[in-house]
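Just so it is clear, the structure is predicted and the values come from calculations on it, not from any experiment.
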Amino acid sequence: KTSITFLGKIMDIPDFINGNYDTQIIDKNRDLLKSRDIRCDILCEDIAIIAAYIDYTDKLTKLRPVRQKRSNGSSQWKGFGRKRNTVRI
C-alpha cells in the first residue's frame with residue numbers, strides 16, 4: 001500500500017547510513033532488502049515523512065515568484081508567468 005517499510009529498509013543499510021551509496025544501492029543490497037531482519041519502526045516512518053515534507057516545501061519555495069519590482073517597472077510575477085507560458089499579458 002505504501003513504500004514506507006521498503007524505504008525504511010533502505011535507510012537501515014549500512015552503506016546508506018555511512019553515506020556510501022549511489023543509484024545502484026538497491027541492486028547491490030537486494031538480498032539484505034528482502035530479508036526480514038531489517039525492520040522499520042515508527043521513528044523510521046517519521047523520518048521518511050519529515051524528509052518528504054522538507055522536499056515538498058523546498059520545491060514550493062523554488063516555484064514561488066519573488067514579488068519585487070524590476071528595474072523596468074514590471075513585477076517579477078508577470079515575468080514568471082510569461083516564462084511558464086501560463087499568463088499572457
Side-chain angles (χ1 to χ4, degrees):
K1 297 184 181 189
T2 67
S3 58
I4 295 290
T5 303
F6 182 71
L7 294 173
K9 288 181 180 182
I10 292 172
M11 291 170 57
D12 286 339
I13 294 172
D15 285 340
F16 184 84
I17 292 168
N18 295 324
N20 300 324
Y21 57 87
D22 56 18
T23 58
Q24 301 298 315
I25 192 167
I26 293 172
D27 290 334
K28 290 177 185 176
N29 295 282
R30 192 167 302 279
D31 293 336
L32 190 59
L33 290 169
K34 287 182 181 179
S35 74
R36 301 204 185 269
D37 295 338
I38 300 174
R39 293 188 189 112
C40 182
D41 59 5
I42 214 96
L43 177 64
C44 188
E45 290 181 20
D46 289 347
I47 291 170
I49 291 168
I50 291 167
Y53 178 74
I54 290 170
D55 181 60
Y56 171 75
T57 56
D58 184 51
K59 288 178 181 172
L60 278 181
T61 302
K62 290 178 182 174
L63 289 175
R64 284 191 192 134
V66 178
R67 298 175 193 241
Q68 297 174 351
K69 293 283 184 182
R70 292 185 175 180
S71 60
N72 64 4
S74 68
S75 63
Q76 285 187 338
W77 71 266
K78 288 181 184 177
F80 179 80
R82 289 181 185 133
K83 287 180 188 175
R84 303 279 291 179
N85 293 326
T86 56
V87 177
R88 291 202 168 108
I89 298 175

Mind checking the CD1-NZ spacing from Ile54 to Lys59? Nearest 0.5 Å is all I need.
13.0 Å
Between OH on residue Tyr56 and OG1 on residue Thr61, distance to nearest 0.5 Å:
10.0 Å
Heavy-atom side-chain proximity of Ile47 to Met11 below 4.5 angstrom
yes
Applying side chain to side chain donor-acceptor pair (under 3.5 Å), name anything that partners Asn18, two or more places apart in sequence or on another chain.
none
Got a second to check how far Ile26's CD1 is from Ile10's CD1, nearest 0.5 Å?
4.0 Å
Taking side chain as C-beta onward, heavy atoms only, is Asp22 less than 4.5 Å from Lys28?
yes
Do Pro14 and Leu32 touch side chain to side chain, with heavy atoms closer than 4.5 Å?
yes
Please enumerate all residues that pass ring pair (Phe, Tyr, Trp, His ring centres under 6.0 Å) together with Phe6, with sequence neighbours excluded.
none
Where Ile25 and Phe16 come nearest, the two heavy atoms and their spacing
CD1-CB, 3.8 Å
